[in-house]
Amino acid sequence: MRFAFLGYSGAVQLKGSDNASLLLERGGEGLLVDVGGGACGKLRELGFDPQNLAAVLITHGHIDHIYGLPSLLHQMWLLGRTKPLTILGLPAALDTAERLVELFALPEKKGMFPLEFREVAPGEVYSWRDLSLRWVAMEHSVPTVGFQVLQNSQGQLFYSADTSYCPELGPVLGPTRVVIHEAATLEEVGEATRSKGHSTAADAGRCARDLAAETLYLFHFDQVYESRLAEFVREAASTFHGAILLPEALTWYTMT
Ligand SMILES: [Zn+2]
Ligand SMILES: [Zn+2]
């Protein structure tokens, strides 16, 4: 499996990065997590044919995670897609997604490919190729789902979406090699951050520590901290002793 960030910003786009969105790729097929701006072009820039997307997961209905969906679907249709696309999400996020699709009358386009809206529920497992995605309820201001990717029952990757720190996840999920966790701010505003359903860099480190991860990727940074991202790595290192990375946009990361 390999993955790439189409963007790593929080709600306001940082210079050089779109809003948070992640592509998972396995055997030439893709699963896109949230949809920011220009997703179709960014997939092509990565050398990934958008027609090879099998599914799109909308982690929650906040605008920075869903606004690009109608344009992505429209461009796939223009490029001649015929095979179905699964859109995954909690009921509230799926409702927003369906309304966006209908607002632009996409289902009425001539020859529009089938859209399969499929509700996910925390604790359920979704099979994708030889991987299992276990949906995880996160702590945010609206219903939000994260997920753990398992291969042969081994935790490979955990993606937090937008959330405050969830201390109960360690025993539930077990060891997981890569943790991708939001880090909106630093501990200097920790209480305010957590009260809004977000995490600090130290919180992200706590989650990676709880999951006995090898590598932690931080993302979903608040724009106030744009020039201080190096401090995020230092702060996360106070709670987690593995590798800590700031993602590069449109760069493949391969899991060996
Ligand atoms: Zn967000
Ligand atoms: Zn959010």
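Fair warning: this is a prediction, and the values are worked out from it, not measured in the lab.
- By the side chain to side chain donor-acceptor pair (under 3.5 Å) test, Glu231 is found to be paired with Arg228, residues two or more places apart in sequence or in another chain being considered.
- A salt bridge links Glu187 and Arg206; the closest N-O separation between the charged side-chain nitrogens and carboxylate oxygens is under 4.0 Å.
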Would you tabulate the side-chain donor-acceptor contacts of residues 211-218 under 3.5 Å, counting partners in other chains and residues two or more places apart, or write 'none'?
none

Show me the side-chain donor-acceptor pairs of residues 247-256 shorter than 3.5 Å, one per line, residues at least two apart or across chains.
{"residue": "Thr251", "atom": "OG1", "partner": "Ala249", "partner atom": "O", "Å": "3.2"}
{"residue": "Trp252", "atom": "NE1", "partner": "Leu46", "partner atom": "O", "Å": "3.0"}
{"residue": "Tyr253", "atom": "OH", "partner": "Glu248", "partner atom": "N", "Å": "2.8"}

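- Side-chain atoms of Glu182 never come within 3.5 Å of backbone atoms of Ser160 as a donor-acceptor pair (strictly under, hydrogens ignored).
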Practice prompt. Kindly indicate, with the supporting measurements, whether the criterion side chain to side chain donor-acceptor pair (under 3.5 Å) is fulfilled by Thr193 and Thr185.
Written response: CA-CA 7 Å; Thr193 298; Thr185 67; 2.6 Å; yes
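- Side chains of Asn19 and Tyr8: no donor on one and acceptor on the other come within 3.5 Å.
- Residues passing the ring-ring contact (aromatic ring centres under 6.0 Å, His included) test with Trp135 are Tyr126, sequence neighbours excluded.
- Ser9 and Gln223 share no donor-acceptor pair across their side chains, judged by distance under 3.5 Å alone.
- Atom OG1 of Thr176 is separated from atom OH of Tyr159 by 16.0 Å, given to the nearest 0.5 angstrom.
- One distance of note links CD1 of Ile87 with CG of Leu57; it measures 10.5 Å at 0.5 Å rounding.
- Shown here is Leu79, whose CG atom has more than 12 heavy atoms of other residues, nucleotides or ligands within 6.0 Å.
- When hydrophobic clusters are built by joining Ile, Leu, Val, Met, Phe, Trp and Tyr residues whose side-chain heavy atoms come closer than 4.5 Å, directly or via intermediates, Ile58 is grouped together with Leu23.
- Aromatic rings from Phe147 and Phe158 are positioned such that their centres are separated by 6.0 Å or more.
- Considering all non-hydrogen atoms of both residues, Ile66 and Gly61 come closest at CG2-O, 3.9 Å.
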List the atom pairs, donor and acceptor, that lie under 3.5 Å between side-chain atoms in residues 100-111 and the rest of the protein, sequence neighbours left out.
none

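- Residue Phe219 is grouped with residue Val178 when hydrophobic side chains (ILVMFWY) are merged at heavy-atom distances under 4.5 angstrom, including chains of intermediate members.
- For the residue pair His220 and Ala20, the shortest heavy atom distance occurs at CD2-CB, 4.1 Å.
- Remark: His181 engages no residue in a ring-ring contact (aromatic ring centres under 6.0 Å, His included) (not counting sequence neighbours).
- Using a 4.5 Å heavy-atom cutoff, the side chains of Leu115 and Pro84 are not in contact.
- Shown here are the salt bridge (Lys or Arg N to Asp or Glu O under 4.0 Å) partners of Asp210, two or more places apart in sequence or in another chain: there are none.
- Taking the six-membered ring where tryptophan is involved, the planes of His62 and His140 are perpendicular, since the angle between them exceeds 60° and thus also 30°.
- Under the 4.5 Å side-chain contact rule for hydrophobic residues, Met138 and Ile180 share a cluster.
- With hydrophobic clusters built from ILVMFWY side chains whose heavy atoms lie under 4.5 angstrom apart, Tyr67 does not share a cluster with Leu94.
- A donor-acceptor contact under 3.5 angstrom links the side chains of Ser71 and Gln75, judged on distance only.
- For the atom pair CD of Gln151 and CG of Leu131, the computed distance is 5.5 Å after rounding to the nearest 0.5 Å.
- Counting heavy atoms from C-beta outward, Leu53 and Leu85 have side chains that approach closer than 4.5 Å.
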Quiz prompt | Test log, rule side-chain contact (heavy atoms from CB on, under 4.5 Å), inputs Asp222 and Val12 | solution = CA-CA 7 Å; Asp222 189 296; Val12 174; over 6 Å; no
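- Sorted by first then second residue, the salt bridge (charged side-chain N to carboxylate O under 4.0 Å, His left out) pairs that include residues 71-96, not counting sequence neighbours, are Asp95-Arg99.
- Screening residues 10-30 for salt bridge (charged side-chain N to carboxylate O under 4.0 Å, His left out) gives Arg2-Glu25, Asp18-Lys42, Arg26-Asp130, Glu29-Arg129 as the qualifying pairs, with residues at least two apart or on separate chains.
- Applying the salt bridge (charged side-chain N to carboxylate O under 4.0 Å, His left out) rule to pairs touching residues 113-124 yields nothing, sequence neighbours excluded.
- The hydrophobic clustering, which links ILVMFWY residues whose side-chain heavy atoms are closer than 4.5 Å, places Leu24 and Leu43 apart.
- With 3.5 Å as the limit, one finds a donor-acceptor pair spanning the side chains of Asp162 and His60.
- Gln148 is not listed as a side-chain neighbour of Leu157, based on a closest heavy-atom distance of 4.5 Å or more.
- In this structure, Phe3 and Val33 have side chains that are not in contact, with every pair of non-hydrogen atoms separated by 4.5 Å or more.
- Contacts classified as side-chain hydrogen bond (donor to acceptor under 3.5 Å, both in side chains) and involving residues 46-59 (residues at least two apart or in different chains) are given here: Asp34-Thr59.
- Going from atom CG of Leu150 over to atom CG of Leu173 covers 8.5 Å, rounded to the nearest 0.5 Å.
- Residues that satisfy the ring-ring contact (aromatic ring centres under 6.0 Å, His included) test with Tyr165, not counting sequence neighbours, are absent from this structure.
- Of all heavy-atom pairs between Leu69 and Ala97, the closest is CD2-CB, 3.7 Å.
- When side chains are defined from C-beta on, Val172 does not count as touching Val136, because their heavy atoms never get closer than 4.5 Å.
- Environment of CD in Glu139: sparse, with no more than 12 heavy atoms of neighbouring residues, nucleotides or ligands closer than 6.0 Å.
- Here the shortest heavy-atom pairing between Val179 and Ala208 reads CG2-CA, 4.1 Å.
- No donor-acceptor pair closer than 3.5 Å links the side chain of Ser132 to the backbone N or O of Trp128.
- Nearest heavy-atom pair, Ala201 versus Leu186, reported as atom, atom and distance to 0.1 Å: CB-CD2, 4.2 Å.
- For the atom pair NZ (Lys196) and CZ (Arg194), the distance works out to 12.0 Å, reported to the nearest 0.5 Å.
- Ala183 approaches Phe232 most closely through the heavy-atom pair O-CE2, 3.1 Å.
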